[in-house]
Amino acid sequence: MAFLGVQADRGQVVSTRAPVGQYADGTDVNLPVVVFEGVEDGPTVFLQAGMHGDEQTGIAICRNFLAELRAADRSRFRGRLVVVPLANPPAHLARSRGWLHEERRVQDLNRVFPGDASGLLSHRIARTVLDEFILPADITIDLHSALEGCNIAPFATIDPADDQEGSLDLREGVAAAMATPFIYRKERGTKLGTQDLSGSMVTQADKLGKGVVNLEMGQSHVVTREWVGLGVTGLHNVLRMMKMMPGDVQAPPEQIGFTKIHPVHTNRGGGYEPKVAIGDAVEVGQQLSSIMDLDGQVVEEHTAPVAGHVLRIPLWGTIATGAEIAWIVN
Ligand SMILES: [Zn+2]
């Protein structure tokens, strides 16, 4: 089986770069591709990171996981692991969520699926990822981090949280093996907070009957070292769970499931003072944060509309009217 033309023989590891277009100066835009081919048949797992150019933690998880897998005894490795550890080089080089230089507005790669083989560069990358990597794989694992300006508790997303395409057991198994503190079981077709996900990789892959598990961990623009170990350990666990590598699956610690995200917004702009941290459990009416004027006077207080856990909070010290001050999930 070839992935964007990259093929490995039994027991081999192939690491290369496959061109998907050219920059304005004529140099190639290359997708890095790593293929670990097992010594016998088995499942195919596709692992991806760096689809958003400001997200670094997933890329660090991939390289550390690959380093450990290279050093591991793979004499009983079954199946095939295919990795694109940096899926959006143009955006990554610009240190921007999407690439700026297309039709004068940012293209968010994870909103333009299924992509277009004759479209803008981001659309072509989307089409390539879908056709060349997701379709031939049994399961896809996609590593993300929080949006710029906020922090998020690590979670796996099962989207959609139904078994219409027959992949629910596998997706649940991967999410459990990744051992994130939270699992989001998202109802088919619903928004993520305020975001329409109809053009996301997960939604479009599902339409083709392909399961994807999204993982969110870390902050924008930095490697959140705290979570690199969690990601690396989780990926080894996935290989054991899928019987691609020998060894027992480490039972995950208790994972907190949620199905609803309740965004809380501020009416007053000003200095944001959090009273809770990501991962905290909160009761209805518990104070989440306050807005303080520049002169030190509290002008608004925010409370939890429901009982649940704090998944996301802002990192910026000042926020404007209408900005989100927390995601409470339950
Ligand atoms: Zn992302």
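Order of appearance sets the numbers: ligands from 1, and atoms from 1 within every ligand.
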Query - Step-by-step side-chain contact (heavy atoms from CB on, under 4.5 Å) determination, Lys210 to Leu130 - result: CA-CA 10 Å; Lys210 288 293 170 179; Leu130 195 61; over 6 Å; no

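Applying the side chain to side chain donor-acceptor pair (under 3.5 Å) rule to Asp293 yields no partners; only residues at least two apart in sequence or on another chain are considered.
A salt bridge between Glu301 and Lys275 is absent, with no side-chain N of the basic residue lying under 4.0 Å from a carboxylate O of the acidic one. Between Asp108 and Arg97 there is a salt bridge, with a side-chain nitrogen of the basic residue lying less than 4.0 Å from a carboxylate oxygen of the acidic one. Between Asp196 and Lys191 there is no salt bridge, since no side-chain N of the basic residue sits under 4.0 Å from a carboxylate O of the acidic one.
Around the Zn ion (ligand 1), protein atoms of type N, O or S found under 2.8 Å number 4.
Considering CG of Leu109 and OG of Ser200, their distance stands at 11.0 Å, rounded to 0.5 Å.
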